[in-house]
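Comments concern the structure below.
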Number of protein chains: 2
Amino acid sequence: MKLEVLTKNDNRKIENTIIDGIRNLINYKNLEPGDKLPSERMLSEKFNVSRSIVREAIQKLEFYGLLKSRPQSGTFVAIGNTAFNGMVEDILRLDEPSFKALVETRILLELKTARLAALRRTDEDLTQIKSALEAYKEKVINSEDAVQEDLLFHLAIAKASGNSSMNTFMLIITPEIITNFEKYHVCDKGLAQEGIKEHEDIYQAILKQNPKEAKEKMKVHFKTLYQYCYNI
Amino acid sequence: MKLEVLTKNDNRKIENTIIDGIRNLINYKNLEPGDKLPSERMLSEKFNVSRSIVREAIQKLEFYGLLKSRPQSGTFVAIGNTAFNGMVEDILRLDEPSFKALVETRILLELKTARLAALRRTDEDLTQIKSALEAYKEKVINSEDAVQEDLLFHLAIAKASGNSSMNTFMLIITPEIITNFEKYHVCDKGLAQEGIKEHEDIYQAILKQNPKEAKEKMKVHFKTLYQYCYNI
DNA sequence: ATCTTTTTATTGGTTAACCAAATCAATACT
DNA sequence: AGTATTGATTTGGTTAACCAATAAAAAGAT
């Protein structure tokens with residue numbers, strides 16, 4: 001029954017081994033930013049694994065900005081030696097975030113995106129937020145589950161914040177939040193009804209382009225969640 | 001000369017096409033969370049592309065938590081239809097974050113991680129932060145470039161925050177920050193000297209486990225950067 | 001009939017062969 | 001001598017064939 005986890009760990013382990021090998025190689029050869037790594041073929045031969053494995057390891061390091069691969073040219077070091085070593089260490093030891101960590105991050109991000117959305121929202125942003133709000137309201141008044149519509153409303157605000165980075169991070173943590181909400185039935189306790197009012201308040205603040213009020217209304221909205229999160 | 005960008009766009013475009021195809025399939029077949037998608041082989045045949053392409057598209061959707069693939073079993077829908085459609089739309093339209101957006105996000109995250117680190121740091125965390133601080137100081141007093149050591153100090157704090165999610169996000173945005181700092185020579189203006197004092201203040205606050213002070217000292221540290229960022 | 005065992009087909013993961021673009025060096029031309 | 005051109009080589013990207021694990025179905029024993 002735990003086989004799935006085991007194989008996944010194995011995969012993770014071999015990928016991490018390759019990442020560690022690449023790190024050693026860069027240190028041994030003293031490669032600086034802009035320097036070229038050996039080709040994927042040579043790396044796969046050196047580490048006795050297939051090219052796909054090497055490619056995955058490179059892609060992971062590329063995702064974290066440590067390497068940069070250019071088609072028909074090669075893979076290049078993207079940051080300095082010191083930062084590379086320090087960050088690889090962290091990347092290899094990263095563990096899955098807990099639900100508490102996710103909620104904590106979400107609240108932090110959303111207090112900011114609400115404020116920024118009030119400052120920067122376009123008319124197009126506003127109509128999309130409004131549309132998400134209406135979809136949410138319709139579900140709630142029909143007493144249907146509205147977790148998804150709830151999250152989409154918040155994502156619309158994140159998009160309106162004009163900060164692509166925060167928007168991306170919200171997209172990353174949202175599905176896990178949804179899953180946990182539905183699993184622990186966070187929103188079943190008749191909270192959805194008052195949720196409508198809170199959502200409308202946030203929308204109004206963004207409509208009026210009042211950043212302080214937007215953040216404040218978002219904080220009110222999170223009050224229940226906040227307490228819930230810290231009482232698990 | 002712009003060919004690299006073009007091919008990359010092409011690659012992106014075909015992957016996005018497949019993602020769109022998967023979305024349509026899920027809608028057409030009304031697949032709910034837990035339902036199984038067609039196998040990678042069938043999808044690659046249906047979309048007239050190779051399995052690798054399909055795999056990459058699936059992996060991207062899995063990264064954002066919309067799908068979940070299990071070895072020797074299949075790929076499964078992970079979230080509800082409504083959320084899936086809304087999020088796919090956003091994912092397809094995501095653009096690269098600007099430097100300003102990155103700095104904005106970094107400041108937001110770090111004011112929080114400093115506070116959390118003061119609350120939750122272990123002794124082990126503390127020694128790692130201290131170690132990063134010493135490495136930074138040594139570089140600065142030798143008048144060497146210390147951008148990397150600077151960032152590693154901040155990453156050590158992020159790790160000490162005990163929030164894996166924020167730690168990951170810091171790791172994601174850090175390399176781009178480093179690159180831009182070095183490009184625009186943000187830290188060349190003799191700021192490094194006073195940076196030592198500011199770093200030490202942050203360290204002391206975390207040592208004393210004083211969250212309010214840690215956040216405040218971090219805010220002081222970011223004051224210059226903050227102004228710089230908003231004056232570009 | 002029901003449960004266990006065995007077989008068979010399907011799955012994601014892995015490897016290896018193939019392709020077009022980019023690079024670089026040798027050559028031809030001015 | 002210097003510059004442009006061309007062709008072989010190297011590169012990351014792509015495709016297709018292969019593998020082990022899984023799950024489902026069929027056969028056998030109780």
Side-chain angles (χ1 to χ4, degrees), chain A residues 1-19 21-22 25-26 29 31 34-78, chain B residues 1-19 21-22 25-26 29 31 34-78:
Chain A
M1 52 287 279
K2 281 290 182 62
L3 269 181
E4 187 261 343
V5 179
L6 277 178
T7 57
K8 205 126 205 183
N9 277 1
D10 284 353
N11 293 349
R12 199 58 164 248
K13 186 148 190 176
I14 185 174
E15 185 182 289
N16 285 356
T17 307
I18 305 304
I19 289 180
I22 293 177
L25 192 69
I26 289 177
K29 291 197 173 186
L31 299 184
D35 290 351
K36 199 173 91 170
L37 256 66
S39 71
E40 295 179 350
R41 285 170 182 80
M42 292 182 67
L43 288 175
S44 70
E45 188 181 349
K46 179 182 175 68
F47 297 131
N48 277 321
V49 293
S50 86
R51 244 186 83 195
S52 322
I53 307 288
V54 172
R55 272 184 122 250
E56 273 183 49
I58 289 178
Q59 276 172 20
K60 183 163 183 177
L61 290 177
E62 194 175 1
F63 171 76
Y64 284 102
L66 306 189
L67 299 179
K68 178 71 188 167
S69 88
R70 285 204 299 259
Q72 280 73 47
S73 177
T75 303
F76 301 84
V77 178
Chain B
M1 52 285 280
K2 283 287 182 62
L3 268 181
E4 187 262 341
V5 179
L6 276 177
T7 56
K8 204 126 206 183
N9 278 0
D10 285 352
N11 293 349
R12 198 59 165 250
K13 186 146 191 180
I14 185 175
E15 185 182 291
N16 285 355
T17 306
I18 305 304
I19 289 179
I22 294 177
L25 192 69
I26 289 177
K29 290 197 174 183
L31 299 184
D35 289 351
K36 198 172 90 170
L37 256 65
S39 72
E40 295 179 353
R41 284 171 181 79
M42 292 183 66
L43 288 175
S44 71
E45 189 181 349
K46 178 182 177 66
F47 298 131
N48 276 321
V49 293
S50 84
R51 246 184 84 196
S52 322
I53 307 288
V54 172
R55 263 177 132 256
E56 274 183 47
I58 289 178
Q59 276 171 21
K60 183 164 183 177
L61 290 177
E62 193 174 3
F63 171 77
Y64 284 102
L66 306 191
L67 299 179
K68 178 72 188 165
S69 87
R70 285 204 298 259
Q72 279 73 46
S73 178
T75 303
F76 300 85
V77 178

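Order of the sequence lines fixes the chain letters, A, B, ..., with proteins taken first and strands second; residue numbering starts at 1 for each chain. What you see below is based on every heavy atom in this structure, not just the backbone, and it leaves out hydrogens, waters and symmetry mates.
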*Would you kindly compare Lys36(B) and Ser52(A) by the position of their nearest DNA chain C nucleotide and give the one closer to the 5′ end?*
Lys36(B)
*Note, Thr75(B) side chain near Leu61(B) side chain (heavy atom, < 4.5 Å)*: no
*State, with a plain yes or no, whether a side-chain heavy atom of Asn16(B) is found less than 4.5 Å away from one of Lys60(B).*
yes
Just compare [options] and give me whichever is closest to any side-chain atom of [X].
X        : options                   : answer
Thr75(A) : dG12(D), dT11(C), dT14(C) : dG12(D)
Ser73(A) : dT23(C), dG12(D), dG13(C) : dT23(C)
Ile53(B) : dT15(D), dG12(C), dG13(C) : dT15(D)
Arg55(A) : dT14(C), dG13(C), dG13(D) : dG13(D)

If you measure from [atom1] on [X] to [atom2] on [Y], what distance do you get to the nearest 0.5 Å?
X        : Y        : atom1 : atom2 : value
Leu37(A) : Phe76(A) : CG    : CZ    : 9.5 Å
Ile58(B) : Ile22(B) : CD1   : CD1   : 5.0 Å
Ile19(B) : Ile53(B) : CD1   : CD1   : 11.5 Å

Separation of [X] atom [atom1] from [N] atom [atom2], in whole Å?
X        : N       : atom1 : atom2 : value
Phe47(A) : dT15(C) : CZ    : P     : 15 Å
Leu43(A) : dG13(D) : CG    : P     : 13 Å
Arg70(A) : dT11(D) : CZ    : C1'   : 12 Å
Asn48(B) : dT15(D) : CG    : P     : 11 Å
Glu45(A) : dA16(C) : CD    : C1'   : 14 Å
Leu61(A) : dG12(D) : CG    : P     : 14 Å
Glu62(B) : dG13(C) : CD    : C1'   : 13 Å
Glu56(A) : dG12(D) : CD    : P     : 16 Å

Protein N or O to nucleotides 17-20 of chain D N or O, pairs below 3.5 Å:
residue: dC18(D); atom: N4; partner: Arg41(B); partner atom: NH2; Å: 3.1

*Partners passing ring pair (Phe, Tyr, Trp, His ring centres under 6.0 Å) against Phe63(B) (at least two apart in sequence or in another chain)*: Phe63(A)
*asked:* My understanding is that only residues two or more places apart in sequence, or in another chain, count here; which of them pass side chain to side chain contact (heavy atoms under 4.5 Å, CB included) with Lys29(B)?
replied: Leu25(B), Leu31(B), Pro38(B)
